[in-house]
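Chain naming here is simple, since letters A, B, ... match the order of the sequence lines and numbering starts at 1 in each.
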2 protein chains.
Amino acid sequence: MDSFDHVSMTGPDAGDVTRGTGVSLWKQIAARLEWQIAAGQYPAGARLPVESELSLRFGVNRHTVRRALAVLAEKGLIEATAGRGTFVKEPPIRYPIGPRTRFSEIVSAGGREPFGRCLGSQVEPADAEVARELGLTEGTSVLCIESMHEADSVPISFGRAYFPLDRCRDLDLVYSATGSLTRALATLGIQDYRRRETRISARAANEREVDVLSLTPGRSVLVLERVDVELDGTPLQWGRSSFVADRVQLVIKP
Amino acid sequence: MDSFDHVSMTGPDAGDVTRGTGVSLWKQIAARLEWQIAAGQYPAGARLPVESELSLRFGVNRHTVRRALAVLAEKGLIEATAGRGTFVKEPPIRYPIGPRTRFSEIVSAGGREPFGRCLGSQVEPADAEVARELGLTEGTSVLCIESMHEADSVPISFGRAYFPLDRCRDLDLVYSATGSLTRALATLGIQDYRRRETRISARAANEREVDVLSLTPGRSVLVLERVDVELDGTPLQWGRSSFVADRVQLVIKP
DNA sequence: GCGAATTTGTCCGTATGTATT
DNA sequence: AAATACATACGGACAAATTCG
């Protein structure tokens with residue numbers, strides 16, 4: 001094949017990995033692949049060459065390639081599936097958490113098409129938890145809305161939110177019609193509200209989430225528990241949403 | 001089958017679950033158990049009565065009890081293990097994320113004993129990512145410190161942090177000696193610093209995390225990526241830490 | 001280290017009341 | 001009004017994990 005005059009030339013493309021420099025081969029390979037991915041040579045969703053091919057190309061053993069790939073997998077850049085291959089992952093959506101967190105605005109700002117759907121709603125008596133968070137007495141009627149969100153037709157989140165019924169009657173109907181909670185609230189005369197607190201935890205996706213969000217079992221979801229209040233401080237909604245962990249990255253700028 | 005027309009009492013303690021009220025039995029049982037847990041009748045770590053015992057006590061079938069327990073498990077209140085039993089979980093540590101996030105202060109404020117340990121450190125050239133985050137040029141020497149933290153001897157987090165070497169020489173030694181990064185930085189003349197950005201994602205724990213944090217495989221970890229800067233804005237450290245997802249709850253108050 | 005006992009997890013099936021079509 | 005679907009509740013059997021003598 002090609003004959004390079006460098007320190008070593010074991011493969012056709014091996015100009016980048018040089019032995020005996022003090023930098024381990026797997027680190028060099030990882031850096032090179034990361035660079036190629038960042039440069040768009042392997043765009044999101046693309047399949048990387050199979051490990052044996054890479055080992056040929058870099059002139060190293062397959063295990064050395066695997067060590068490099070492990071670094072990228074750890075960073076969340078690629079994902080390997082036995083039998084299928086190794087694929088470049090979509091970069092996660094940056095999801096800033098702040099006092100005015102709105103799904104559609106965040107997704108639009110990221111240049112993607114937001115979509116929200118009301119999966120169902122019902123009026124129910126507030127249990128101890130909902131009552132505490134909304135500052136109501138247990139048993140007060142609240143409206144529970146179950147919904148999911150997508151960005152560019154990719155499922156992002158799924159959750160339930162609770163609203164005081166007196167303030168938000170028929171919110172579910174308007175939400176279903178408009179597809180946007182912000183707009184639905186606006187038509188009810190609630191022009192603005194702000195986030196009072198966000199609590200974040202994580203766990204493996206449950207069956208329902210696997211179903212609604214098109215996940216494979218065992219995947220992690222970020223669970224966001226949030227309280228929104230009206231401008232005068234009255235609790236407006238409390239809810240818990242599950243975000244597909246590897247499709248979003250929550251960002252907090254204090 | 002049952003010869004009761006509407007209200008019945010099947011068990012010795014069944015005064016709380018009433019049939020034919022329109023509220024399903026499993027919901028009533030879930031609410032009752034949740035109340036008992038909240039009231040301290042079953043404190044954190046305690047074992048609940050076995051399912052067969054509960055089914056006797058409430059006068060319902062074991063399946064009905066299981067459905068109620070599933071609700072509490074979903075809420076993160078209990079955890080069942082085949083062969084062992086069903087246990088009340090420790091409430092997660094509330095971990096506020098703000099401009100002055102410090103592990104030891106947060107844990108102390110929660111009435112627990114913080115503990116940090118340096119697992120290892122080395123000087124290495126900054127790769128593209130570290131260089132970008134710390135505002136250095138690729139290849140500049142940085143100090144990498146690997147550490148883990150505990151609260152009341154329970155592993156909480158594990159991560160790697162990178163520091164510009166010129167500013168932080170021997171930081172690892174002082175850290176190992178003091179067990180506190182804040183104090184170690186103080187002895188190097190860096191009295192204060194603040195969080196510039198926190199990025200949060202989640203995934204299943206990898207092998208290393210399972211090992212260091214005493215987890216079972218498949219558990220979720222919250223991955224916090226953070227940039228701390230000195231008061232003049234100079235990047236001081238960048239790092240990624242994995243938090244055991246069901247032992248912490250990140251709290252953001254905008 | 002083995003086996004029995006305990007306990008949760010998962011299946012099979014049946015019956016019944018209530019909504020929806 | 002009949003047919004259908006769904007949620008609730010019960011009964012039994014066995015697998016899988018854990019504990020303990």
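Here the CG-CZ distance, from D127(A) to R132(A), works out to 9.0 Å after rounding to the nearest 0.5 Å. Annotation: the span from I156(A) atom CD1 to L222(A) atom CG amounts to 11.5 Å, rounded to 0.5 Å.
Close to dT7(C), at under 4.0 Å from its OP1 or OP2, lies no side-chain N or O of T81(B). Close to dT8(C), at under 4.0 Å from its OP1 or OP2, lies a side-chain N or O of T86(B). Of the side-chain N and O atoms in R62(B), none sit less than 4.0 angstrom from OP1 or OP2 of dG11(D). One finds a side-chain N or O of N61(B) lying less than 4.0 angstrom from the OP1 or OP2 phosphate oxygen of dG11(D). The phosphate of dC10(D) (OP1 or OP2) has a side-chain N or O of R19(B) nearer than 4.0 angstrom.
Summarising the geometry, the separation between CG on N206(A) and C1' on dG9(C) is reported as 17 Å, rounded to the nearest angstrom. Regarding R47(B), its CZ atom lies at a distance of 12 Å from the P atom of dT6(C), rounded to whole Å. Between the C1' atom of dT8(C) and the CG atom of L72(B) lies a distance of 16 Å, rounded to the nearest Å. Atom-to-atom, CG of L69(B) to P of dT8(C) comes out at 8 Å; the value is rounded to the nearest Å. Nucleotide dT18(D) holds its C1' atom 10 Å from the CZ atom of F87(B), rounded to whole Å. In this structure, L48(B) places its CG atom 13 Å from P of dT7(C), rounding to the nearest Å. Note: CZ (R84(B)) to P (dT8(C)) measures 11 Å, nearest angstrom. In this structure, R66(B) atom CZ and dT7(C) atom C1' are separated by 10 Å, rounded to whole Å.
If you check dC10(D), dT8(D), dG9(C) against the side chain of S24(B), the one that comes closest is dT8(D). Side chain of V60(B), nearest nucleotide from dG9(C), dC10(D), dT18(D): dC10(D). Taking every side-chain heavy atom of H63(B) into account, dG12(D) is the closest of dG12(D), dT8(C), dA9(D). Here the nucleotide nearest the side chain of E51(B), chosen from dG9(C), dT7(C), dA9(D), is dG9(C).
Under a 4.0 Å N-O distance rule, the pair E79(B)/R219(B) qualifies as a salt bridge.
Side chains of S241(A) and R226(A): a donor on one and an acceptor on the other come within 3.5 Å.
Across all strands shown, dT6(C) is found opposite dA17(D) as a Watson-Crick or G-U wobble partner, with both distances under 3.5 Å.
Checked options D232(A), L231(A), L236(A); the residue passing with T234(A) is D232(A) (criterion: side chain to side chain contact (heavy atoms under 4.5 Å, CB included)).
Counting non-hydrogen atoms under 4.0 angstrom, R67(B) reaches the backbone sugars and phosphates but no base.
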